[in-house]
Amino acid sequence: LPTEIVSAFLWAQLEHLDEIQTERKRLWNVYLEFMGKFGDRVKLPKVPEYATNNAHMFYLLFPDLAKRTDFIAKMKARDVLTVFHYLPLHSSEFYRARHDGRQLPNCDRYADTLVRLPLYCGLKPDQDKVLSAIEESLGS
């Protein structure tokens, strides 16, 4: 169970859930609109018609690991932290010996190509800096 401090922090967020979600969706939509001009270089998230968007993250999919790595480095040089999303369990040192050996190409592809952009409540004052860094990083 969470500690009392963590629970209090969560409760405060739950009390403002609608405001938080509205802000996160606004930030997400700014990214989506801005990134449209880079559609030839990266793939963007798509929300199917049957689904809703909770805006928990905004990601880009690069064609390969080298391009993603280059983008992360360029963003870091501009003081913007972007991160890859996850390491596949079947590739981890812990699980490698337990894996049945099946090929998991989609898992590996997303592990190599997905990068997350900053997305959190309170980003609004800094989102223009992130967008400028993206423009410089993908434009060159």
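We're numbering straight along the sequence, starting at 1.
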_Distance (rounded to the nearest 0.5 Å) between L10 CG and I5 CD1_ = 14.0 Å
*Hydrophobic cluster identity match, L114 and Y31, side-chain contacts under 4.5 Å*: no
_I need the minimum non-hydrogen distance between F34 and E135, along with the two atoms involved._
CZ-OE1, 3.5 Å
*Hey, mind stepping through L138 and F62 against side chain to side chain contact (heavy atoms under 4.5 Å, CB included) and telling me if it holds?*
CA-CA 11 Å; L138 289 179; F62 284 83; 3.8 Å; yes
*asked:* Once rounded to the nearest 0.5 Å, what's the spacing between atom CD of E23 and atom NZ of K25?
replied: 12.5 Å
_L14 atom CG, neighbour heavy-atom count above 12 within 6.0 Å_ = yes
*Out of curiosity, L123 CG to D128 CG, how far, rounded to the nearest 0.5 Å?*
9.5 Å
*Would you check, one step at a time, whether the test side-chain hydrogen bond (donor to acceptor under 3.5 Å, both in side chains) holds for R109 with N106?*
CA-CA 5 Å; R109 177 172 53 98; N106 287 328; 3.1 Å; yes
*Of all the heavy-atom pairs spanning L44 and G36, show the shortest one and how long it is.*
CD1-N, 4.1 Å
*asked:* Quick check for you: to the nearest 0.5 Å, what is the distance between K37 atom NZ and M35 atom CE?
replied: 9.0 Å
*Return the minimal non-hydrogen interatomic distance between M75 and S137, and the atom names on each side.*
SD-OG, 3.5 Å
*asked:* Do I134 and F71 make a side-chain contact, defined as non-hydrogen atoms from C-beta onward lying under 4.5 Å apart?
replied: yes
*Does the pair K67/D70 count as a salt bridge with the N-to-O cut at 4.0 Å?*
no
*In terms of hydrophobic clusters joined by side-chain contacts under 4.5 Å, are V47 and L27 together?*
yes
*Look at the rings of F58 and W28 and say which category their plane angle falls in: under 30° parallel, 30 to 60° tilted, over 60° perpendicular.*
perpendicular
*Same hydrophobic cluster for I72 and L117, using side-chain heavy-atom links shorter than 4.5 Å among ILVMFWY?*
yes
*Is R116 close to V83 at the side-chain level, that is, under 4.5 Å between some pair of heavy atoms?*
yes
*To the nearest 0.5 Å, what is the distance between CD (Q103) and CG (D108)?*
7.5 Å
*Taking all non-hydrogen atoms of both residues into account, name the closest pair between R96 and S91 and its distance.*
NH2-O, 2.8 Å
*Check whether any side-chain heavy atom of K124 sits under 4.5 Å from a side-chain heavy atom of V30, and report yes or no.*
no
*Nearest heavy-atom pair of K129 and D79: which atoms, and what distance?*
NZ-O, 3.3 Å
_pair P118-V80: side-chain heavy atoms closer than 4.5 Å_ = yes
*asked:* With rounding to the nearest 0.5 angstrom, report the OH to CG distance, Y120 to D126.
replied: 5.0 Å
*Are Y86 and F84 joined in one hydrophobic group, where the rule is that I, L, V, M, F, W and Y side chains link up if heavy atoms are under 4.5 Å apart?*
no
*Y59 and L81: same hydrophobic cluster, using ILVMFWY side-chain contacts below 4.5 Å?*
no
*Got a sec: does the CD of E15 have more than 12 other heavy atoms crowding it under 6.0 Å?*
yes
_Side chain to side chain, L104 and H99, heavy atoms closer than 4.5 Å_ = yes
